[in-house]
K.L.:
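Would you mind keeping the following structure in view while I ask a few things?
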Amino acid sequence: VFFYLHQPGDPEALRQLTQGLERLSSAPTIREFHIGKPASTRREVIDSTYDLSWLLLFDTREDQDAYQTDPVHLQFVEECAHLWRKVAVFDTIGI
């Protein structure tokens with residue numbers, strides 16, 4: 001998940017979003033997570049226009065489905081949606 005803030009780089013919004021994602025990590029179906037920011041690397045193929053990333057790993061598709069309606073996830077969206085102007089989600093499965 002890539003988050004694009006209303007005010008790119010706003011330290012207070014980044015703090016609030018990071019705290020919200022840390023609380024969200026308590027959702028029981030999340031196996032692993034990683035909160036990141038754009039790296040300082042610069043190459044033509046790198047998109048660093050986002051403000052914060054949220055990588056989630058689930059054991060099963062059912063776990064991911066359950067996460068979508070988990071009260072912790074729904075509360076996160078309710079509390080933090082005002083911070084971002086756009087969210088891009090890229091779901092993948094192992095090959």
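All values below come from the heavy atoms of this structure, side chains included, with hydrogens, waters and symmetry mates left out. As the structure is a computational prediction, the values presented were derived from the model and not from experiment. Each residue takes its place number in the sequence, starting with 1.
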K.L.:
Hydrophobic clustering (ILVMFWY, side-chain heavy atoms < 4.5 Å, transitive) - are Leu57 and Leu52 grouped together?
P.N.:
no
K.L.:
Decide yes or no for Arg23 and Glu79: does some side-chain heavy atom of the first lie under 4.5 Å from some side-chain heavy atom of the second?
P.N.:
yes
K.L.:
Is there a chain of hydrophobic side chains (I, L, V, M, F, W, Y, each step under 4.5 Å between heavy atoms) that links Leu55 to Leu17?
P.N.:
no
K.L.:
Measuring from atom CZ of Arg43 to atom OG of Ser48, what distance do you get when rounded to the nearest 0.5 angstrom?
P.N.:
11.0 Å
K.L.:
Donor-acceptor pair, distance only, cut-off 3.5 Å: does the side chain of Asp51 make one with the backbone of Leu5?
P.N.:
yes
K.L.:
Can you say whether the rings of Tyr4 and Tyr50 are parallel (under 30°), tilted (30 to 60°) or perpendicular (over 60°)?
P.N.:
perpendicular
K.L.:
What pair of heavy atoms forms the shortest contact from His82 to His6, and how long is it?
P.N.:
O-CD2, 3.0 Å
K.L.:
Just say parallel, tilted or perpendicular for the rings of Trp84 and Phe3, cut-offs at 30° and 60°.
P.N.:
tilted
K.L.:
For the atom pair CG (Asp59) and CD (Gln64), what is the distance rounded to the nearest 0.5 Å?
P.N.:
12.0 Å
K.L.:
Ignoring hydrogens, what is the shortest heavy-atom contact between Asp70 and Ala27? Give both atom names and the distance.
P.N.:
OD2-CB, 4.2 Å
K.L.:
Please determine whether the number of non-hydrogen atoms from other residues, nucleotides or ligands lying under 6.0 Å from atom CD1 of Ile93 exceeds 12.
P.N.:
no
K.L.:
For the CD atom on Gln68, are there more than 12 heavy atoms of other groups (residues, nucleotides or ligands in this structure) within a distance under 6.0 Å?
P.N.:
yes
K.L.:
Side chains of Gln19 and Arg15: any donor to acceptor distance under 3.5 Å?
P.N.:
yes
K.L.:
Look up atom CG in Leu24 and atom NE2 in His73, then write down how far apart they are to the nearest 0.5 Å.
P.N.:
6.0 Å
K.L.:
Is there side-chain contact between Leu21 and Phe33, with heavy atoms separated by less than 4.5 Å?
P.N.:
no
K.L.:
Return the OG1 to CG distance between Thr18 and Leu83, rounded to the nearest 0.5 Å.
P.N.:
10.0 Å
K.L.:
So which heavy atom on Ala66 is nearest to which on Thr29, and how close?
P.N.:
CB-CG2, 4.1 Å
K.L.:
Do you know which two heavy atoms are closest between Val87 and Val89, and how far apart they sit?
P.N.:
CG1-CG2, 4.0 Å
K.L.:
Is Pro38 close to Phe2 at the side-chain level, that is, under 4.5 Å between some pair of heavy atoms?
P.N.:
no
K.L.:
Atom CG in Leu56, atom CD in Glu32: separation rounded to 0.5 Å?
P.N.:
10.5 Å
K.L.:
Output the distance between atom CZ (Phe76) and atom CD (Glu22), rounded to the nearest 0.5 Å.
P.N.:
11.0 Å
K.L.:
Honestly curious: do Val72 and Leu74 fall in one hydrophobic cluster under the side-chain, below-4.5 Å linking rule?
P.N.:
no
